[in-house]
Novice: 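So that we are looking at the same thing, I have put the structure below in structure tokens.
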2 protein chains.
Amino acid sequence: MSLDHAILGFLNVEDLSGYDLKTRCFDDRARHFWTADQAQVYRTLERLHDKRLVTLRTVRQSRKPDRKVYAITDNGRRELADWIVSKPHLPPARDPFLLRLEFSGDLNDETVLDVIARERSAHQDRLDDLRARVSTLGSGSCEATERTCLVHRMTLDGAIARTRATIDWLDDCSETISAHMAQAPPQRTLFESRTPKGDTR
Amino acid sequence: MSLDHAILGFLNVEDLSGYDLKTRCFDDRARHFWTADQAQVYRTLERLHDKRLVTLRTVRQSRKPDRKVYAITDNGRRELADWIVSKPHLPPARDPFLLRLEFSGDLNDETVLDVIARERSAHQDRLDDLRARVSTLGSGSCEATERTCLVHRMTLDGAIARTRATIDWLDDCSETISAHMAQAPPQRTLFESRTPKGDTR
DNA sequence: GAGAGATATATGACAGAACAAGTATATGTG
DNA sequence: CACATATACTTGTTCTGTCATATATCTCTC
């Protein structure tokens with residue numbers, strides 16, 4: 001699965017320890033398209049080592065705990081390249097906000113507007129973060145090859161494009177509901193006043 | 001988890017069996033924002049029943065297997081309403097395509113263009129499906145309340161907006177790489193170029 | 001010198017999700 | 001008549017991801 005290949009991908013650029021992968025890669029560089037927690041990273045590294053896709057050397061440090069530094073093998077590189085060009089499969093859609101929205105038909109307009117506004121705010125925060133990261137790119141933070149730098153920039157642009165589209169759509173939703181409010185009479189709130197239909201068990 | 005609330009949401013509209021939920025709800029109506037497999041649906045229904053959020057009645061059918069029809073309880077409705085207005089949390093980003101793109105710095109341009117084109121095609125299929133579903137909405141397929149119909153339309157619009165943004169961005173990526181190809185000398189290929197043969201991972 | 005925080009790795013327990021397969025009945029198709 | 005398909009529910013297994021916690025050392029600050 002993808003976490004294996006994510007780790008192989010980072011190791012293809014440079015040798016890294018589990019700690020490096022967690023902090024520098026997943027929490028920092030890749031956080032707009034993949035995340036992983038520490039336990040997952042360490043266990044996956046073990047698995048990749050068993051499969052001979054990475055090698056391991058222990059680096060003693062003078063005044064810090066030992067580091068276990070992993071390096072990709074030729075098998076690992078082959079596995080990575082095969083995966084990159086393998087058949088694309090879109091992950092199953094799973095969007096908690098659309099779920100909420102779908103079921104908010106019974107809520108009053110003010111409540112729905114508030115739910116939308118809070119969702120918008122979360123996406124705006126994400127957008128600010130993405131833009132801040134793009135703005136640091138030109139200024140020497142990308143010391144890798146030009147191509148590596150280019151595709152990284154592309155992933156940020158992709159995340160930005162989708163986030164912007166989401167925010168614009170949320171604004172449309174707010175407008176639609178506001179318009180609906182203006183022309184419709186104040187509504188009854190169905191949620192509190194449902195007729196109890198169920199006997200207990 | 002969200003699946004619990006998805007099921008409560010559907011049951012808030014009408015009583016349903018596990019089979020109904022799987023086929024009519026998750027595979028059909030909700031496939032643009034949530035999916036679930038059969039095992040998951042049945043096990044979740046059991047859990048909701050244990051928690052007294054739904055009730056169960058068995059309906060004998062003359063020439064078909066019995067149906068276990070579930071109905072939401074007042075507790076279930078309360079749980080659902082609380083969840084809808086609860087603090088939004090954006091799910092951690094997890095996009096296999098961005099992962100591939102990030103690590104494709106070593107591939108030759110033609111290969112990357114092909115990977116992008118195949119990804120675009122998958123999104124285009126999704127977009128076609130979404131548009132087809134929107135176009136059936138006006139014509140009486142939405143027999144529910146006006147509000148229920150409105151928010152459902154909004155969820156489709158949201159999925160469309162994001163898919164369109166993704167396709168536009170993929171086109172930008174293709175253009176950028178084509179431009180890069182035109183001006184740069186033929187590149188060394190660190191990876192062997194691999195024939196893009198489907199293989200699911 | 002006490003405590004917070006960063007560096008570094010590891011394990012146990014568990015829930016959620018995916019994948020596979022099994023049971024049963026009825027209908028339609030070639 | 002065999003086979004596929006639709007209806008309807010169930011079980012087993014594995015994988016993935018999350019959370020909490022543990023160990024150990026060093027640096028910085030109050």
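Labels below follow one simple rule: chain letters A, B, ... track the order of the sequence lines, proteins then strands, and each chain is numbered from 1.
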Novice: Could you state the atom-to-atom distance from CE of B:M1 to P of D:dT18 in whole Å?
Specialist: 9 Å
Novice: OP1 or OP2 of D:dT7 less than 4.0 angstrom from a side-chain nitrogen or oxygen of B:Y19, does that happen here?
Specialist: yes
Novice: For the side chain of A:R47, counting heavy atoms from C-beta on, which of C:dT11, C:dA17, D:dT16 is nearest?
Specialist: D:dT16
Novice: Check the surroundings of atom CZ in B:R31: do more than 12 heavy atoms from other residues, nucleotides or ligands lie under 6.0 Å from it?
Specialist: yes
Novice: Indicate, with a heavy-atom threshold strictly under 4.0 Å, whether A:A39 touches base, sugar-phosphate, or nothing.
Specialist: base
Novice: Take B:E46 and B:D20, find for each the nucleotide of DNA chain D with the closest heavy atom, and name the residue whose nucleotide sits nearer the 5' end.
Specialist: B:D20
Novice: Starting at CZ of A:R94 and ending at C1' of D:dT16, how long is that distance when rounded to a whole Å?
Specialist: 12 Å
Novice: Between C:dA8 atom P and A:F26 atom CZ, what is the distance in whole Å?
Specialist: 17 Å
Novice: Look at the side-chain N and O atoms of A:R24 and state whether any lies under 4.0 Å from the OP1 or OP2 oxygen of C:dT7.
Specialist: no
Novice: Look at the side chain of A:R43 against the base of C:dG12 and say whether a donor-acceptor pair falls under 3.5 Å; ignore hydrogens and angles.
Specialist: yes
Novice: Would B:R24 and B:D20 pass as an ion pair if we require N to O under 4.0 Å?
Specialist: yes
Novice: Expressed in angstrom and rounded to an integer, what is the separation of B:L21 atom CG from D:dA8 atom P?
Specialist: 13 Å
Novice: Should the pair B:D168-A:R162 be classified as a salt bridge under the 4.0 Å nitrogen-to-oxygen rule?
Specialist: no
Novice: Would you mind reading off the distance between B:D27 atom CG and C:dA18 atom P, rounded to a whole angstrom?
Specialist: 12 Å
Novice: Both B:G18 and A:Q40 contact DNA chain D. Taking the nearest nucleotide for each, which residue is further toward the 5' end?
Specialist: B:G18
Novice: Rounded to whole angstroms, how far apart are CG on A:L3 and P on D:dG17?
Specialist: 6 Å
Novice: Expressed as a whole number of angstroms, how long is the span from B:K68:NZ to D:dA8:P?
Specialist: 14 Å
Novice: Looking only at the aromatic ring of each residue, does the gap between the centers of B:F10 and B:F26 stay below 6.0 angstrom?
Specialist: yes
Novice: Decide side-chain hydrogen bond (donor to acceptor under 3.5 Å, both in side chains) for A:D128 and A:Q124; before the verdict, give the C-alpha distance in whole Å, the side-chain angles of both, and the deciding distance to 0.1 Å.
Specialist: CA-CA 6 Å; A:D128 292 343; A:Q124 184 64 54; 3.1 Å; yes
Novice: Could you tell me the separation between the CD atom of B:Q38 and the P atom of C:dG22, rounded to a whole number of Å?
Specialist: 15 Å
Novice: Identify whether any heavy atom of A:S17 sits under 4.0 Å from a base atom; if not, whether one sits that close to sugar-phosphate; answer base, sugar-phosphate or nothing.
Specialist: sugar-phosphate
Novice: Please confirm whether the shortest side-chain N or O distance from A:R67 to OP1 or OP2 of D:dT25 is below 4.0 Å.
Specialist: no
Novice: Among D:dG17, C:dA18, C:dA8, which nucleotide sits nearest the side chain of A:Y42?
Specialist: C:dA8
